[in-house]
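Just below is one structure, and these are the notes that go with it.
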Amino acid sequence: QVQLVESGGDSVQAGGSLRLSCVASVNTYNRYSMAWFRQAPGKDREGVAHMNSDGHTTYADSVKGRFTISQDNAKNTLLEMNSLKPEDTAMYYCAAVLGRLSWWKILRVDGYNYWGQGTQVTVSS
């Protein structure tokens, strides 16, 4: 069983930046595929950034060029968010799955079996 704990959510103004952190209870580096999802009130959970177990990254079109996923140590996955917009407001979740994901699953909720509790990001205009 893998536990994931997110932190770093906050309230910021449009154009601002935040860095989210996801700490895992196991070593995920080069072993797990990691991703960040978000869910706004009344909307489905959507994938925004993914890092495969081989280090390859993928982003949703809505965040490409503004968000960056990375790992700063064996257990910590980061999401750097720049040029934030009000539409980025959501609960952000970290997700993990053992091994490398096929491309059609990398931003799908059903591609992951470990989830954190979420951290709230609010962007005001």
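Bear in mind the structure is a predicted one, so any value in this text is a computation, not a measurement.
In this structure, OH on Y114 lies 13.0 Å from OG on S33, to the nearest 0.5 angstrom. The distance from atom OG1 of T57 to atom NZ of K64, rounded to the nearest 0.5 Å, is 10.0 Å. One finds the CD atom of E87 at 8.0 Å from the CZ atom of R38 (value rounded to the nearest 0.5 Å). Distance CD/Q117 to OH/Y93: 8.0 Å, rounded to 0.5 Å. In this structure, CD in Q71 is found 4.0 Å from OG1 in T77, a value given to the nearest 0.5 Å. How far OG1 of T68 is from CG of L78: 10.5 Å, rounded to the nearest 0.5 Å.
In the hydrophobic clustering of ILVMFWY residues, with side-chain heavy atoms under 4.5 Å counting as a link, V123 and L79 come out together. Tracing side-chain contacts under 4.5 Å through hydrophobic residues (I, L, V, M, F, W, Y), one reaches V26 starting from M34; they form part of the same cluster. At a threshold of 4.5 Å between side-chain heavy atoms, the hydrophobic network of Ile, Leu, Val, Met, Phe, Trp and Tyr places W115 and I106 in one connected group. In terms of hydrophobic clustering, with Ile, Leu, Val, Met, Phe, Trp and Tyr side chains grouped at heavy-atom distances under 4.5 Å, W36 and L4 are assigned to different clusters. M51 and L101 sit in two unconnected hydrophobic clusters of ILVMFWY residues. Membership requires side-chain heavy atoms under 4.5 Å apart, directly or through other members.
Using a 4.0 Å cut-off between charged side-chain N and carboxylate O, D88 and K85 make no salt bridge.
Enclosure of atom CZ in R108 is not indicated, since only 12 or fewer non-hydrogen atoms of other residues, nucleotides or ligands lie within 6.0 angstrom. Open room surrounds OH on Y29; 12 or fewer heavy atoms of other groups in view lie less than 6.0 Å from it. Applying the 6.0 Å contact sphere to CG of D54 captures more than 12 heavy atoms from other residues, nucleotides or ligands.
Using a 4.5 Å cut-off on side-chain heavy atoms (C-beta onward), Q13 and S124 make contact. For the pair T89 and Q120, the minimum side-chain heavy-atom distance is below 4.5 Å.
In this structure, the side chain of N76 does not engage the main chain of S21 through any donor-acceptor pair within 3.5 Å. Side chain of T28 to main chain of A74: a donor-acceptor pair is present (N/O by atom type, distance under 3.5 Å, no hydrogens or angles).
The side chain to side chain contact (heavy atoms under 4.5 Å, CB included) with T119 is formed by just one residue from the set V5, L20, L18, D10; it is L20.
Between A14 and S125, the shortest heavy-atom distance links the atoms CB-CA, 4.3 Å.
In this pair, F37 and Y112 present their aromatic rings perpendicular. The plane angle is above 60°, beyond the 30 to 60° band.
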Determine whether L107 and E46 satisfy the following criterion, side-chain contact (heavy atoms from CB on, under 4.5 Å), listing intermediate values before the conclusion.
CA-CA 7 Å; L107 291 179; E46 63 169 351; over 6 Å; no
Which is it for Y59 and R66 under the side-chain contact (heavy atoms from CB on, under 4.5 Å) test, yes or no, and what are the steps along the way?
CA-CA 10 Å; Y59 298 92; R66 300 188 299 122; over 6 Å; no
